[in-house]
Amino acid sequence: MQIVTVLCISRYEKFMKGAINIEILFKDPIYITRPLLPNLQDVYSKLSEVWESKWLTNNGPQQINLEKALKEYLHVENLSLFNNGTSALLLGLKALDLTGEVITTPFTFPATVQALDWNNLTPIFSDIDSTTLTLDAAKIESLITEKTTAILGVHTFGNPCDVEQIQLIANKYNLKVIYDGAHSFGTSLNNKPIGYYGDMTMFSFHATKLFNTVEGGALTFSDASLVEKLSLLKNFGIANPEEVVLSGLNAKLNEIQAVVGLEVLKLVETERKKRHVIKRAYEYYLKDVPGINVLTKLEGDDSSYQYFVIQIEEELYGKSRDWLHETLKEYNVYTRKYFYPLCSDFEWYEHLESAQKVNLPIAQKAVKQVLALPYYGELQIESVEKICKVIRDSI
Ligand SMILES: *Cc1c(COP(=O)(O)O)cnc(C)c1O
């Protein structure tokens, strides 16, 4: 009868009918991710330095240390820290003085397109590539008008965009290239760090991201002269006690966030190694399942190990993505439809020609098929086995 205590009624009924395999049921919920948390004592000792200094924000020593450490880790020359990834992107776009239209992907997190909205830039949605789910470079050119000033790509699930093709188009039409690299911390491509590509890349340090500062973010960029402008933009445009030179925002990363970041950074390599093993386990248990396609294929230094995402082809698998998402819940496994919904389907873009469903067939299909599975270093291989058993036995 102990079973009853861990099962809700519908689960219990299903169990009685033999539809739930009790061997597989998780007693404690398995979440999509768990934040990478540093040793609390180490955080305490660094925090006591901050307490003693009484310097809590505005270019403090911890922030400067984190900036330096991240430049090394990401192999970039120019990096600016922000209180979150969204404000980093928002102010990065502002720093580039963009106007008019920006070509972007509908298959992303709302923040990408909302950063355009806040800059009075019109997103022009371009369809995605069916294998990487990033912008399909072949579709971009036909959307360029005299109002286009930039291309904003997303390295979806850490899969890099077609950076070379995108750069060729940008050069031809004199456009800026910005990447939302929220999923691509530590990713490299052709032996180059991901931040090397384009004019600017945004990274998010939200708690759910591989590297976190609780909340936080950064921009990396090629034009060193932007360092000063970005510092102004994230601090109300205050140049000195006598002068305010532009309209900015408050978007500074504080000393407490920086302390957490410095400690989390020490754990990232080990976390990546653990996630590599988990990825291998998932791939092993899911290989040969008809209709289940692993989307995050990169390995080693090329991969950010940010998410483990599968695509479910209903015709082959026999069940829909939504069905699997709900069924895994019955077993206490929480997956995420990610990204969902499609940004081009937001109500306030209804009037845009490029947002119409008929113009975005690949994105419309992908948004019904993707599912991010639980993925974090502490996830046990036995748990991966059980999750995959539900997925396999469901067909
Ligand atoms: C997390 C995320 C963001 C937002 O970053 P925040 O740090 O939470 O503001 C933007 N874009 C993508 C693709 C993300 O996954």
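Counting starts at 1 for both ligands and their atoms, following the listed order. What you are looking at is a predicted structure, and each value in this text was computed from that prediction instead of being measured. One is the number of the first residue; the rest follow in order along the sequence.
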Considering only N or O atoms, set out every pair between ligand 1 and the protein closer than 3.5 Å, with distances to one decimal place.
unit_1, atom_1, unit_2, atom_2, d
ligand 1, 5 (O), Ser204, OG, 3.2
ligand 1, 7 (O), Gly85, N, 2.8
ligand 1, 7 (O), Ser204, OG, 2.7
ligand 1, 9 (O), Gly85, N, 3.3
ligand 1, 9 (O), Thr86, N, 2.9
ligand 1, 9 (O), Thr86, OG1, 2.6
ligand 1, 11 (N), Asp180, OD1, 3.4
ligand 1, 11 (N), Asp180, OD2, 2.7
ligand 1, 15 (O), His183, NE2, 2.7
ligand 1, 15 (O), Lys209, NZ, 3.2
ligand 1, 15 (O), Tyr338, OH, 3.0

Fill in: All pairs passing ring-ring contact (aromatic ring centres under 6.0 Å, His included) where residues 42-63 contributes a residue, at least two apart
none
Item to complete: With sequence neighbours excluded, tell me which residues meet side chain to side chain contact (heavy atoms under 4.5 Å, CB included) with Lys68.
Response: Glu72
Worksheet item: Using 30° and 60° as the class limits, which term best fits the ring planes of Tyr282 and Phe308: parallel, tilted or perpendicular?
Response: parallel
Worksheet item: For Ala239, what residues pass the side chain to side chain contact (heavy atoms under 4.5 Å, CB included) criterion, not counting sequence neighbours?
Response: Leu232, Glu243, Val245
Worksheet item: Taking the six-membered ring for Trp, are His183 and Phe339 parallel (under 30°), tilted (30 to 60°) or perpendicular (over 60°)?
Response: parallel
Worksheet item: Taking the inter-plane angle between the rings of Phe185 and Tyr73 on a 0 to 90° scale, is it parallel (under 30°), tilted (30 to 60°) or perpendicular (over 60°)?
Response: parallel
